[in-house]
Amino acid sequence: MNTSALRLVQLQNPLGNLLSPALASQIHTSSPLCRVVSGKYRITKKRDRPLTYEMANPPHYIAHRKSWNSWNTSNLKDGLRRSETAVEDEFIRRFMTGTWHGLVCSEVIIKRQFNHIRVAAIIRRAVSPTKMYFLLGYTEELLANWLQCPVTLEIQTVDSFQDVVFKYI
């Protein structure tokens, strides 16, 4: 170790020579930031931002007040296809929001059982029933062909996005 760096560590070390230079370099004296801001929504001045129930609960309430958005067993110890499952889930979510453009009112929930994938979502009734049935079959068929396993959509419909709003912040 450089002697000038050793002297600098000894000068900055409040404990004197009790700590070795190797240990002194591991001590951090800055104050910790114990502020969790990720996954939370900021409150607006007019309190006009609508939140669904899933959005209203912060991430540390997962498994207490809200559930996971992906139900699978690949994240268990010795689970198979961890990265492929995560990529497929993201692809399914983006495909759903793109195919059902402007109609998805909540998060897309993906449930995997054996080789069967069930996709659940809440959709607005803004299109005709024939177009909705077409989109349902189109989505199931394309996802089943791309993912090489049976896919079932579990869709619930609401009149407007206001029916899904839990609170305003």
**Prompt:** Is the number of heavy atoms from other residues, nucleotides or ligands within 6.0 Å of CZ (R94) greater than 12?
**Reply:**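 No - once you tally the heavy atoms of other residues, nucleotides and ligands closer than 6.0 Å, there are 12 at most.
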**Request:** Might you confirm whether atom CD of E90 has over 12 heavy atoms from other residues, nucleotides or ligands at distances under 6.0 Å?
**Result:**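 Yes, the 6.0 Å shell around CD holds more than 12 heavy atoms from other groups.
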**Asked** What side-chain hydrogen bond (donor to acceptor under 3.5 Å, both in side chains) pairs are there with at least one residue in residues 132-147, not counting sequence neighbours?
**Response**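 Qualifying pairs: W100-T139.
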**Request:** Compare all side-chain heavy atoms of T152 with those of I117 and state whether any distance is below 4.5 angstrom.
**Result:**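 Of all side-chain heavy-atom pairs linking I117 with T152, none is under 4.5 Å.
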So which atom in [X] and which in [Y] form the shortest heavy-atom distance, rounded to 0.1 Å?
X    : Y    : result
M132 : R124 : CE-O, 3.8 Å
R49  : R42  : NH1-O, 3.2 Å
N115 : P150 : O-CD, 3.4 Å
V165 : P50  : CG2-CB, 3.6 Å
T44  : R47  : OG1-N, 3.1 Å
C105 : I123 : SG-C, 4.4 Å

**Item:** Check against side-chain contact (heavy atoms from CB on, under 4.5 Å), I109 and K111
**Value:** CA-CA 7 Å; I109 309 295; K111 305 170 195 168; 4.1 Å; yes
Is [X] linked to [Y] within one hydrophobic cluster, defined over Ile, Leu, Val, Met, Phe, Trp and Tyr using a side-chain heavy-atom separation of less than 4.5 Å?
X    : Y    : value
V104 : F91  : yes
F134 : L103 : yes
V164 : I169 : no
L135 : V119 : yes
L147 : V108 : yes

Roughly how far, to the nearest 0.5 Å, is [atom2] of [Y] from [atom1] of [X]?
X    : Y    : atom1 : atom2 : value
Q113 : C149 : CD    : SG    : 12.0 Å
S106 : F166 : OG    : CZ    : 14.5 Å
K167 : T52  : NZ    : OG1   : 11.0 Å

Check: [X] side chain, [Y] main-chain N or O, donor-acceptor pair, under 3.5 Å:
X    : Y    : result
R93  : E107 : no
T99  : M96  : no
R118 : L153 : no

